[in-house]
Amino acid sequence: MTTDLPAHEPYAGTWVVLPTYDEAENLRPISGAILAALPGARLLVVDDDSPDGTGAIADELAAVDGRVSVRHRAAKEGLGKAYIDGFAVALDAGARYLVQMDADWSHAPDYLPSLMAPLMDDADLVIGSRYTRGGGVKDWGIMRRLVSRGGSLFARAVLRLGPNDLTGGFKAWRRETLEALDWDRVHSGGYVFQIETTYLATRAGARVREVPIVFKDREVGTSKMSKSIIGEALVVVLQLRWEELRGRGPTAVIVRDGDGA
Ligand SMILES: Nc1nc2c(ncn2[C@@H]2O[C@H](COP(=O)(O)OP(=O)(O)OP(=O)(O)O)[C@@H](O)[C@H]2O)c(=O)[nH]1
Ligand SMILES: [Mg+2]
């Protein structure tokens, strides 16, 4: 045996964290597509006790496939909380690279290799971006487009951030980046989590890259988007800026191998 990674498993050490809430119809096919796209990777399903039995389907998948594991959570607490929990499980298990994505096919598994490529080079965080050249959105009405694009532009301007897509949830993280983030500072258990984590990573000195993705609207299952989510995003973005202006911004910095030598 050698310690080199097997050539047929180039993504050994990569964990895809997949939060699910009522994704019974999507889970099996999306899991298969994710594992096929990233040979050697592991999949962690984080289910918040979905009423439609998604958790039991995840258990069935895990029983027949050693690459799949399941984190069962007692109640629906929002996407951010599910990710924080899932990231901790994957980091504990030794993950080197961690991918976050939706289970409803909005984030096409075909993009996974292009998301991973900059990470395996020198990026600390890779964002699957709808708002960079080659990216886009399919099947969304004008309101949904405005909310999403407007949200990213607003957060980008207020917080002076570089990336164009701050609200998307298709991202790949280097282990060290997630370890450096000051999780106590995350205000949101919900969707604003996406903005907050990219903000914290940027302030911690992360090398952030965007790769284009075309986002597809979900075909089956129910949407969890609501007006309160939009309100929360506005408040949290302003709050982050306010804290910075008062000298109470984040201070954590990413430590890379070889730093401080
Ligand atoms: N574990 C967990 N997963 C969640 C929760 N809320 C949403 N999800 C999952 O997070 C992903 C994104 O949620 P979606 O409902 O697709 O939200 P969206 O993409 O903003 O909206 P639509 O695609 O329009 O429905 C999906 O895989 C959901 O199943 C939650 O509270 N807990
Ligand atoms: Mg969705």
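When a ligand or atom number is given, it counts from 1 through the structure's own listing order.
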Practice task
For S148 and Y131, test the side chains for any donor-to-acceptor distance below 3.5 angstrom and give the result as yes or no.
Solution key: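 Result is yes, a qualifying pair exists.
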Handout entry: Under 3.5 Å side-chain donor-acceptor pair for R203 and T251
Key =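 Side chains of R203 and T251: no pair found under 3.5 Å.
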List ligand 1 atoms under 4.0 Å from [X], heavy atoms only on the residue side.
X    : value
A82  : 1 (N), 2 (C)
D104 : 16 (O), 19 (O), 23 (O)
L79  : 4 (C), 8 (N), 9 (C), 10 (O), 30 (C), 31 (O)
E23  : 26 (C), 27 (O), 28 (C), 29 (O)
K76  : 5 (C), 6 (N), 30 (C), 31 (O)

Practice task
Flag G78 as yes when one of its N or O atoms lies below 3.5 Å from any N or O atom of ligand 1, and as no otherwise.
Solution key: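 Indeed, backbone or side chain, G78 has an N or O that close.
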Problem - Short N or O distance, D48 and ligand 1, threshold 3.5 Å exclusive - result: yes
Problem - Positive for side chain to side chain contact (heavy atoms under 4.5 Å, CB included) with T54, one of V70, L27, D48, D59 - result: L27
Handout entry: Short N-O contact, E244 and R248, less than 4.0 angstrom
Key = no
Problem - Salt bridge flag under 4.0 Å for residues R73 and D85 - result: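 Judged by the 4.0 Å cut-off on N to carboxylate O distance, R73 and D85 do form a salt bridge.
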Side chain or backbone of [X] under 4.0 Å from ligand 1, or both, or neither, by non-hydrogen atoms?
X    : result
A103 : both
V46  : backbone
T20  : backbone

Problem - D217 backbone or side-chain N/O/S under 2.8 Å from the Mg ion (ligand 2) - result: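 Looking at D217, which is the residue asked about, there is no N, O or S atom under 2.8 Å from the Mg ion (ligand 2).
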Exercise for the section: State yes or no: are the ring centers of F215 and W140 separated by less than 6.0 Å? Expected result: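 Ring centres of W140 and F215 closer than 6.0 Å.
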Problem - Atom of D104 closest to the Mg ion (ligand 2), considering N, O or S atoms - result: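 Output for this pair reads OD2.
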Practice task
Check if R144 has a non-hydrogen atom at a distance under 4.0 Å from any atom of ligand 1.
Solution key: yes
Practice task
Check the surroundings of atom CZ in R160: do more than 12 heavy atoms from other residues, nucleotides or ligands lie under 6.0 Å from it?
Solution key: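 Count not over threshold, so no.
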Handout entry: Beyond-backbone contact of P163 with Y199, side-chain heavy atoms, under 4.5 angstrom
Key = no
Exercise for the section: Anything under 30° is parallel, anything over 60° is perpendicular, the rest tilted; go ahead and classify W183 against F193. Expected result: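 Correct class here is parallel.
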